[in-house]
2 protein chains.
Amino acid sequence: MTLTINDIAKKAKVSKSTVSRVLNNSGYVRKETREKIENVIKENIYYPSATARSLSKKESSTIGVIIPEADNEFFGEVLTGISEIVDEHNMTLIFCDTSNNFLKEERALAMLNMQRVKGLILTPVNDHNYGEAEKKLKQKLKDLKIPIVLLDRGVKNSEWDGVYFENYKSAYSATEILIKEGHKKIGIITGDLKLKIGQDRYKGYLGAMEDYGMEIINEYIYEGNFSVEKAYELSKQFIESKDLPDAIITCNNRTTLGFIKALKEYNLTLGKDIAAIGIDSNKVLDILGYNFSYVARDAVEMGRVAMHRLLERFEDPNKQRVECIMPYKIYLKGSEKMNP
Amino acid sequence: MTLTINDIAKKAKVSKSTVSRVLNNSGYVRKETREKIENVIKENIYYPSATARSLSKKESSTIGVIIPEADNEFFGEVLTGISEIVDEHNMTLIFCDTSNNFLKEERALAMLNMQRVKGLILTPVNDHNYGEAEKKLKQKLKDLKIPIVLLDRGVKNSEWDGVYFENYKSAYSATEILIKEGHKKIGIITGDLKLKIGQDRYKGYLGAMEDYGMEIINEYIYEGNFSVEKAYELSKQFIESKDLPDAIITCNNRTTLGFIKALKEYNLTLGKDIAAIGIDSNKVLDILGYNFSYVARDAVEMGRVAMHRLLERFEDPNKQRVECIMPYKIYLKGSEKMNP
DNA sequence: TTGTACGCGTTATCAC
DNA sequence: GTGATAACGCGTACAA
């Protein structure tokens with residue numbers, strides 16, 4: 001049905017070796033022969049089979065991407081960044097969404113193994129979990145025997161390149177800002193403390209509080225799980241208790257939304273009834289002109305960097321493992337202050 | 001380096017045909033032989049090469065997806081839906097993001113052609129454009145000679161299956177709601193009128209206005225382009241002119257955001273200073289408890305449906321072309337009313 | 001029930 | 001400069 005290199009060879013009255021040479025710009029081909037072949041290819045709309053090609057060359061130009069949720073602003077941007085670089089290098093991208101599900105993660109890994117992808121960018125479902133699940137994951141990654149870049153979340157004692165975020169520092173900095181604004185009762189709605197990114201952000205908060213000799217009041221530490229719903233629920237609780245903190249740190253974009261939702265519901269005003277600063281950006285909040293302050297990284301850039309790490313690793317498989325920590329940027333819009 | 005079926009055959013002391021038979025569960029294999037081979041496969045962590053397999057079988061289980069912007073709530077959800085079904089059927093998904101760029105679209109198509117994908121889900125950069133670009137696109141799609149499902153945007157005189165949205169009806173319905181609320185001066189911020197989805201929504205507005213004998217006032221028709229910025233700019237303009245419409249229809253999620261941004265900036269309140277209803281959902285507006293009313297389709301479901309169409313087409317390549325129009329749902333939150 | 005031999009569409013290594 | 005020919009890793013008639 002679809003044309004092969006043989007068909008082209010016949011039509012051009014040459015051998016397939018010669019066609020292959022013009023396709024790959026390799027070896028000597030007389031100018032006229034080349035032009036003739038090129039014409040036949042154009043006229044007959046021939047595209048060489050990547051499948052046959054990679055079987056023959058024993059290498060693919062395909063990379064795999066496994067992320068937990070494509071319908072998440074952050075990962076959507078990450079994907080955009082990865083895709084951009086993949087495209088620039090004429091590679092192809094196989095996409096997998098795990099929905100934060102271990103079984104799907106396993107299946108994706110097996111599939112990518114069979115597809116013989118050249119490299120993998122992975123955000124694991126878990127993050128630095130010591131259990132059996134992580135052991136299995138690490139083994140499976142080793143079995144792949146290809147360059148891998150971990151993104152956003154990692155594994156304990158990683159042997160792979162990684163692109164992460166300054167979780168500790170960003171939270172530290174956010175806390176510091178609140179402290180310097182003069183707030184005393186500084187609370188936090190943490191992320192999922194089973195994930196390292198959740199832990200680190202929490203630790204950043206504790207670190208800053210300690211360094212500045214602030215009193216850490218357990219009542220103001222609300223353990224969330226990075227979801228809108230939990231943050232909303234926790235926020236309602238502390239709003240209803242009369243003991244409101246002066247300021248709050250929200251540990252990711254969704255936490256921020258849950259918090260703000262609660263504020264609106266109780267008619268509390270940011271920067272008036274309570275101050276706040278978040279981690280992660282929410283495009284929409286900015287568009288709507290909310291005065292919500294936050295520290296965040298550039299997600300698209302994070303995708304680009306991950307793909308670049310992979311490309312470098314292809315170049316030099318033996319170079320030292322590199323972990324790239326994306327810097328945070330501070331976006332102050334006013335909510336960190338309290339104007340009575 | 002990586003194991004082949006031959007390695008497994010040797011280790012299991014059988015021929016590779018037998019290994020192939022257990023891999024594919026085809027033909028007769030003695031129970032003991034099968035178990036032995038399965039053990040060898042497990043122990044040596046062998047995964048068959050999808051590349052070699054599809055070359056040999058002359059068919060792939062890979063589908064291509066081309067969307068214009070992954071970092072867009074709508075397409076992120078679409079991708080999630082597609083990925084879900086792809087996964088259920090043990091297929092693999094090759095992802096391309098065109099960034100609404102014709103050249104990238106062309107390159108993606110060529111790449112997917114070489115990859116010999118089994119099917120394609122495509123949201124073209126353009127939508128029912130009569131020009132040369134569309135002719136070229138249609139030709140390239142024909143050249144692919146594979147099942148194709150157009151998603152959200154189509155081409156003139158399409159020969160392919162498609163999954164679209166009730167653009168006309170949804171806009172008609174939105175307009176109708178405003179009319180029945182008693183609004184007289186009903187305006188609209190249109191989408192990109194070069195795209196058919198933009199046109200159809202605009203026509204839905206006109207249709208309802210006409211059917212209900214409403215006077216269409218050109219001053220209240222603001223031509224946007226589906227972007228936040230343009231909608232914001234237009235909104236500012238009509239707010240500053242003293243001649244504000246009673247109610248506004250915003251033609252997609254971004255238009256809505258631009259509009260609301262302007263409202264906030266001028267301290268106008270939705271449902272008090274001006275009524276409004278939009279097309280498309282904005283998760284965040286809902287989360288924040290905005291009272292913004294809208295009509296929308298389920299984007300994740302749209303992805304699922306598109307993938308299902310493709311699967312059906314694989315089953316029966318000759319069945320009649322089917323265009324699936326996703327229904328809209330109405331979400332009234334109050335902004336359609338005007339409470340003085 | 002199992003093994004042999006060939007083909008899938010390329011690239012690569014040789015001769016010519 | 002060009003053309004046979006052998007891989008690449010697998011599936012599959014066909015033979016045994």
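So you know, we letter chains A, B, ... as the sequences are listed, proteins then strands, and number each from 1.
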Closest non-hydrogen atoms of B:Phe165 and B:Met326, given as atom of the first, atom of the second and distance, are CD1-O, 3.5 Å
Would you kindly give the [atom1]-to-[atom2] distance between [X] and [N], to the nearest whole Å?
X: B:Glu32; N: C:dT2; atom1: CD; atom2: C1'; result: 14 Å
X: A:Leu55; N: C:dA12; atom1: CG; atom2: C1'; result: 13 Å
X: A:Lys16; N: C:dG9; atom1: NZ; atom2: P; result: 10 Å
X: A:Leu23; N: C:dG9; atom1: CG; atom2: P; result: 15 Å
X: A:Asp7; N: C:dG9; atom1: CG; atom2: P; result: 8 Å
X: A:Tyr28; N: C:dA12; atom1: OH; atom2: P; result: 16 Å
X: B:Lys10; N: C:dG3; atom1: NZ; atom2: P; result: 14 Å
X: B:Arg53; N: C:dG7; atom1: CZ; atom2: C1'; result: 17 Å

**Report entry** Residue pair A:Asn101 / A:Glu105, side-chain donor-acceptor N/O under 3.5 Å
**Finding:** no
_With side chain to side chain contact (heavy atoms under 4.5 Å, CB included) as the criterion, how do A:Val163 and A:Leu150 come out once you've worked through the C-alpha distance, each side chain's angles and the decisive distance to 0.1 Å?_
CA-CA 6 Å; A:Val163 179; A:Leu150 265 20; over 6 Å; no
**Q.** side chain to side chain contact (heavy atoms under 4.5 Å, CB included) evaluation trace for A:Leu310 with A:His89
**A.** CA-CA 12 Å; A:Leu310 211 48; A:His89 290 260; over 6 Å; no
Closest to the 5' end of DNA chain D, once B:Asn24 and A:Arg21 are matched to their nearest nucleotides, is A:Arg21
query: Does atom NZ of B:Lys31 have more than 12 heavy-atom neighbours from other groups under 6.0 Å away?
result: no
Practice item. Count the heavy atoms of every other residue, nucleotide or ligand shown that sit under 6.0 Å from NZ of A:Lys11, and state whether that count exceeds 12. Key: no
* To do: Go through the N and O atoms of the side chain of A:Lys57 and the base of C:dT10, and report whether any donor-acceptor pair is under 3.5 Å.
  => no
Output yes when at least one side-chain N/O atom of [X] is less than 4.0 Å from OP1 or OP2 of [N], else no.
X: B:Lys58; N: C:dG9; answer: yes
X: A:Ser20; N: C:dT11; answer: yes
X: B:Thr33; N: C:dT2; answer: yes
X: A:Asn6; N: C:dG9; answer: no
X: B:Thr18; N: C:dG3; answer: yes
X: A:Tyr47; N: C:dT10; answer: no

| said: Any base atoms under 4.0 Å from B:Ser17, or only sugar-phosphate, or nothing? Heavy atoms, all strands. | reply: base
- Is there side-chain contact between B:Pro68 and B:Arg153, with at least one heavy-atom pair below 4.5 Å? yes
Nt span of DNA chain D in reach of chain B heavy atoms at under 4.0 Å, 5' end first, is D:dG9 to D:dT12
Ranking B:Val29 and B:Arg116 by the position along DNA chain C of their nearest nucleotide, the one closer to 5' is B:Val29
Residue pair B:Arg30/A:Leu3 against DNA chain C: nearer the 5' end by closest nucleotide is B:Arg30
With sequence neighbours left out, the residues meeting salt bridge (Lys or Arg N to Asp or Glu O under 4.0 Å) with B:Glu106 are B:Lys136
